[in-house]
Amino acid sequence: MYPKSFEYLRAKSVDQALQYLKDNEGSRVIAGGQSLLPMLKSRLYQPTVLVDINFIPELREVKLGSNGDLRIGAMVTHYDVIENSTIRENAPILSSTAENIADVQIRNRGTIGGSICEADPSADYLPTLMALDARVVLKTTESSREVKVEDFIQGPFETLAEDGEMLVEVIVPPSKANYRVEKYARRKADFAIASVAAIVSLSKDGKVVDARIATGAQQDKPHRLREIESALKGKASKSVNLEAIIGPATEELEPLDDLHGGPEYRKHVLRGMLSRMLGDLLSGKEA
Amino acid sequence: MTSQKSSTESLVLQSEKGTKQNVGKRVPRIEDLRIVKGKAGYTDDIEMADQHYAAFLFSPYAHARIKSIDVSKALELPGVSLVITGKDIKELTKPMSSRAATKSPTSHYILAVDKVRYMGEPVAAVVARSKYVAADAAELIEVEYEPLKVVASIEDAMKKDAPLIYPELDTNEMISDHFDFGDVKKAFSEADKIVKERIRIHRYASTPLETFVVNAYYDPTREELTIYASDQQPGRTVQSVERTIGIPSSRIHLIVPPVGGGFGYKLAIWQYVALASLMSKMVGKPVKWVQTRTESLYAFHRPRGYMDAEFALRKDGKVLGMKLVDWQADANWPYVAALYSLIKFANMSGTYEIRNYSFEYHCVATNDPPIVQDRGVGKPFMAFALERMMDFSADALGIDRVKIRQVNSVPAEKMPYTAGSGEVYESGNYPEAIRRALEHSQFQKKLEEQAKFRKEGRYVGIGIATGIEPGTSNLGYYFLSKAGDPDYNGAGQMATVEVAADGVVKVNMNGPEIGTGHVTTIAQVVADVFGITPEEVNVDAWYDSIHGHLTYAGTYSNAFNDVYLGAVLTASNQLKDKILNIASSLLKEDREELYLANNYICKLENDKEKRLVGLKEIARISYGRLLSFPKGEEPGLKVTAGYINRTAKPFVRSDFNVQLTHSNSVHVCFVEVFPENWNIKILDYAIVHDAGKVINPGIVDGLAIGSTVSGIGGALYEEFVFDEQGTNLSLTFGDYLKPTAMESPEIRVDQMESPAPNTVLGTKAVGEGGAITSLAAVAGAVEDALKPFNVKITGLPITPEKIWNMVKDTPEYKKINKEGQ
Amino acid sequence: MTRMVTVNLKINGKQYSEEAEPRLLLVHFIRDALKLKGTHIGCDTGHCGACTILWDGKPVKSCQILAVQAEGANIMTVEGLEPEDGKLSIEQESFRENFAQQCGYCTPGFLMMTRYLIRNNEEMTREEIREKLHGNYCMCTGYQQIVDAVQDAQRKYFATKK
Ligand SMILES: Cc1cc2nc3c(=O)[nH]c(=O)nc-3n(C[C@H](O)[C@H](O)[C@H](O)COP(=O)(O)OP(=O)(O)OC[C@H]3O[C@@H](n4cnc5c(N)ncnc54)[C@H](O)[C@@H]3O)c2cc1C
Ligand code: FES
Ligand code: FES
């Protein structure tokens, strides 16, 4: 499999990258290339110009904002998300999520920005970032805006990013609360059949103070399970009847249907995961 | 048989002196010295001067008429030197024909002509200066198709008004036949119980990591075609290239560098060898084609099909008789149609003494893509069907699944045993293999663990299966379908052994090296003949047709341990004889007292070894100093010898051999199924494998483990999925799931050795066993784990989703999911 | 025709400066332009790991990267494993001693992983090794002897550190 010809522009700074994107119609960013390369090889994508953002050091930075928010550069690799101590401390769920992605080699190259922009309904980061209420920073030569990841993802392989717009940063409000993040796939490198990211904080007396739960590989895009969240919030963790909540709250889901799993099966798996993972969180078991 | 026996004996005797040295030892592989350095030298590593590249355009439809093809845009692209389509092919080549099937279509060419019959059939081909440009050009070819009604299943194909895959045949059934062995009627009339089931097999394949690679150059100055190809059956390829594109076989020079995995897949490369050769002749350039992974997943799988099996049982578990009706969708490529059915039925009774059985088979053409003789050909399905039926029979009679196998095993004292079909099982001890498997797997302990786990609500199960692993194709099945033409035989091989002018022992096995340790195995055997170390033997990992080959030469059908070693040993012994004769007359020593050791001609003097003259010196004399060379001997030290395993019987319908050696194995599999998602984990896997004499345990263990994991892939993960339009949905390794290291269990292998009396060293087949026996062991284990749900597994792969669909309406399921999800 | 781009990179300690078309995959660059044939190709989609190389010391899949992106990279391929004295490296020796290859087509990829894993992990269990190798396919061995080899290589490596 051999990609079709394209021009290649190596950007040395964010501004240069944005300029390249603006000046070249039909151009596309190449980040880690781990999703893009297979598409180029199969010629499903035929960009005329590729703008390489691998040579922009600032996109690889991880910083802690003055308000305590984590600011993760678009080009931070899955490997770095696992290893970076600032991320591990402030959003351990994100590091755990990255461990579920693909394999050692792909994690060394693939990036958080690329994964978000790819918007695969089964991508591992998305439910976690949604549960974290993360935002992305999008830039063009003229503008800069912040969008919640939940809004940014529009559908399968579809985002709000417009032509000439680049994702430069992911902003993650810190979360040190107890969490669970899992994906179920037949083999580890496979995209999820069902995935769940859940963050639950309990008060000293066992009340659910906060619950943020998101799922992937179910609908055309990952999403929060707000019905479950609100059913949990304020409840005494011991008195929750999870089955009574999960069943109805997932009834309306219309999961994906492909050769890796039909909709009913995906839903079945999701329910099993939710009940076990939330059960653990409600009982206060540390990850 | 008797004459063969004596010649076999003499071969073994001659090598006896050295046999203790290297044969049987875990000698580290010699070929690995190159492999670990990245210098194995596969076909794609070879570049010719002015190398050009081919690309193909493949059909996106499973069944369509080709209305028109416009190649003008492709031809205009700079760097493109040739584009051909079916039109050219019809003019320039002959269609392929059936080998085994009685009916032969006349309209199937190496490129589609007028119509496509499967998704992925090549419809046009390009030659260009680079692979990238060739791909660009292929994309520019415009084809107008008129989709035809797709024949998506055997049932579809057999309907009265079904579209015909080959209209010239007036039917989609390419061949069918019925055989009766023993007295089936009587067996069924005496039965205490009859068990009946339809067992299915799906499409899966071995997918070697190296895809097809061919590099062909027609040299007009010598009028010779030189081909490098990752080819498993070069003897056949030469014939097929000659027949389709018309270059005489004497002008075809075919070289096979080490192959990056064969598994039968590489038997099908000849079509693309023919195409690359033809295009090279047309453009006057060397043409290379490297198949992409997606292209490799289009076709050449195992066929899907089913078997209707009926077992007549006595109360105590004895199988009195079986009726088997086999349907395979394997006729979509005339070249291999019928092989799957024909190969399996002679061994249908497996390791059991079942005298009475009938076997009926039907090979049907559909729009499924072509098949190939994938690892074990029909035998994995054969064993799967038989072993599943054994389990179902045991369950129906209320007896133990192990017991029924013990009751029916061919008793040791009946070996060599002639099966109902006539197939001769030359050696083995099947009851002992079961006994050892129970011990080796700690079966009793497993049963106790299982009982404990079940109480804890865990679903753990044990599966046991036995399997026959036939080796060396006698091509006996051709006798059945092509009566009156009984001259095909694959039970022979040639080999070349020489002592080169520098005194080094060199061997060419005249067959492809596909990764199964042939270089080292041969080096061990030859080292023992010449009294040197394996490292000193230079075994060529390349097949080269220049050395001469038999028509059906190739590394397939598990024949290596029989005929390759037979040929190598024959040539080695002839050469050694010659060397000792030369030495005897040069040294004026008694020939009988001389022997070879450590590169010297030696003799014993007062029980001490005396080195008389070096092998190097003998080589110098034999090649150069011809004046001192003894009269009556031919100069040079090179022998090419042929070998045939002559134990095959001449063909009679009621009594024949399909294969000539028979290894056997018992697999015990221990699994857990997790009720959250119904995923399956193999907790333990134990194998007792009897492949006769083991020459290198490191290699043989590896083949047993590797072939088992390939079977586990077929049992749990791998399937080519098609939609109703015959579209293959499994065209990447993201959709066609191979087991990785994480899904593969730790496997414990216990080698048992029952030497074969009809091979030169007592060796037998080792490459396919795991792929044959594992399917039923895994299925049996999963079914056992799910016993509380009372499910029956009659098809594969067993996916968590399928399990969930089987269990979700059962009482046990409702019990564990109180909320009734 | 698209513009050619010059790529300057280091492979196995040697500096190269070669022209490449932007669309050229790094694996093709290594195999076809630099003639280092030990790095293989087994798929189109980044699954099989046959093309694994070390990039600044870390394993990546060279079919998943464009050659022009390797500007300034420090790469090691299987050809770079062998020590200068012509002996086998620890990884190579362990793979040979443990029969960790059959056809050998996957081996260079596994060797590069081994080079990385044994040096960057505490003693790994068999299960951990299997987990870390799941991005490399072997169609022949069933992986067991590969796991043996990696375990053995790590033991040998630790012994050199003592
Ligand atoms: C074999 C395999 C297995 C995998 N398994 C998993 C898995 O289990 N879970 C999982 O989540 N993922 C998996 N992936 C995907 C992997 O995580 C990718 O790394 C990721 O999806 C894309 O990141 P990237 O940096 O490689 O992006 P690229 O491939 O470079 O880009 C992806 C897309 O995003 C665009 N893009 C990239 N960065 C930006 C930016 N900053 N601004 C605007 N647009 C941008 C590109 O133009 C492109 O369209 C797998 C991939 C492979 C090949
Ligand atoms: S060839 Fe690179 S991952 Fe398969
Ligand atoms: S040894 Fe053949 S693919 Fe691994």
Side-chain angles (χ1 to χ4, degrees), chain B residues 26 28-29 31-42 44-45 47 78 131-132 206-211 258-263 290 292-294 513-517 696 698-699 701-710 712 732-734 738-747 770, chain C residues 1 21 23-24 28 31-32 35-48 50 77-82 88-89 91-108 111 126-127 129-147:
Chain B
R26 229 179 115 90
R29 299 201 329 172
E31 49 271 56
D32 292 350
L33 285 170
R34 291 186 292 270
I35 288 174
V36 298
K37 293 179 185 169
K39 297 202 164 35
Y42 304 95
D44 188 25
D45 300 351
E47 291 169 22
K131 345 182 205 211
Y132 284 72
S206 284
T207 66
L209 198 54
E210 176 203 44
T211 53
V259 177
F263 313 120
V290 184
T292 68
R293 177 55 57 193
T294 290
E513 161 60 56
I514 59 171
T516 38
N696 186 325
I699 293 175
D701 279 358
L703 289 167
I705 293 166
S707 63
T708 299
V709 169
S710 85
I712 290 171
T732 70
F733 282 148
K738 302 298 293 189
T740 74
M742 282 181 85
E743 289 76 43
S744 306
E746 297 285 341
I747 295 175
Chain C
M1 225 7 245
E21 226 188 316
R23 63 168 163 168
L24 187 69
H28 288 139
R31 287 181 55 81
D32 299 340
K35 310 291 178 201
L36 294 166
K37 305 288 191 185
T39 303
H40 298 146
I41 303 170
C43 72
D44 311 320
T45 47
H47 284 91
C48 79
T77 66
V78 65
E79 287 89 350
L81 280 179
E82 213 177 324
L88 297 182
S89 71
E91 301 83 9
Q92 291 170 320
E93 195 181 284
S94 306
F95 269 61
R96 179 158 188 250
E97 284 170 3
N98 289 283
F99 294 82
Q101 49 282 311
Q102 289 179 21
C103 80
Y105 204 76
C106 65
T107 310
L111 284 169
R126 294 181 70 82
E127 211 157 350
I129 293 170
R130 287 175 179 277
E131 198 272 331
K132 292 183 190 327
L133 289 178
H134 77 85
N136 292 68
Y137 289 12
C138 175
M139 306 299 181
C140 301
T141 62
Y143 303 100
Q144 191 156 313
Q145 286 150 309
I146 295 176
V147 178

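All values below come from the heavy atoms of this structure, side chains included, with hydrogens, waters and symmetry mates left out.
The residues C/Arg31 and B/Asp44 are annotated as salt-bridged, a charged nitrogen and a carboxylate oxygen being separated by less than 4.0 angstrom. A salt bridge is defined here as a Lys NZ or Arg NE, NH1 or NH2 lying under 4.0 Å from an Asp or Glu carboxylate O, and C/Lys35 with B/Glu47 meets this definition. Using a cutoff of 4.0 Å between basic side-chain nitrogens and carboxylate oxygens, C/Glu97 and B/Arg26 are not scored as salt-bridged. Using a cut-off of 4.0 Å between Lys/Arg side-chain N and Asp/Glu carboxylate O, C/Arg130 and B/Glu746 are scored as salt-bridged.
The part of B/Val709 that comes within reach of chain C is its side chain, from C-beta onward, which places non-hydrogen atoms under 4.5 angstrom from that chain. With a threshold of 4.5 angstrom between heavy atoms, B/Lys37 approaches chain C through its backbone and through its side chain. In this structure, no portion of B/Pro78 lies under 4.5 Å from any heavy atom of chain C. Of the two parts of B/Ile712, neither the backbone nor the side chain holds a non-hydrogen atom closer than 4.5 Å to a non-hydrogen atom of chain C. Residue B/Ser710 does not touch chain C at all, counting heavy-atom pairs closer than 4.5 Å. Both the backbone and the side chain of B/Phe733 come within contact range of chain C, each with at least one heavy atom under 4.5 Å from a heavy atom of that chain. For a residue to count as touching a neighbouring chain, one of its non-hydrogen atoms must lie under 4.5 Å from one of that chain's; by this rule B/Pro258 does not touch chain C.
Using a distance-only test at 3.5 Å, with no hydrogens or angles considered, a donor-acceptor pair links the side chain of C/Gln145 to the main chain of B/Gly698. Within the 3.5 Å criterion, the main-chain N or O of B/Asp32 finds no donor-acceptor partner in the side chain of C/Arg96.
Each of B/Thr211, B/Leu209, B/Val259 was checked for a side-chain contact (heavy atoms from CB on, under 4.5 Å) with C/Tyr105, and the lone residue meeting it is B/Leu209.
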* Using the side-chain contact (heavy atoms from CB on, under 4.5 Å) rule, take B/Ile514 and C/Cys103 through it: C-alpha gap first, then chi angles, then the decisive distance, then the call. => CA-CA 6 Å; B/Ile514 59 171; C/Cys103 80; over 6 Å; no
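Ring geometry for B/Tyr132 versus C/His28: interplanar angle over 60°, hence perpendicular rather than tilted (30 to 60°).
Chain B forms the most heavy-atom pairs under 4.5 Å with one residue out of C/His134, C/Glu82, C/Arg23, C/Glu131, and that residue is C/Arg23.
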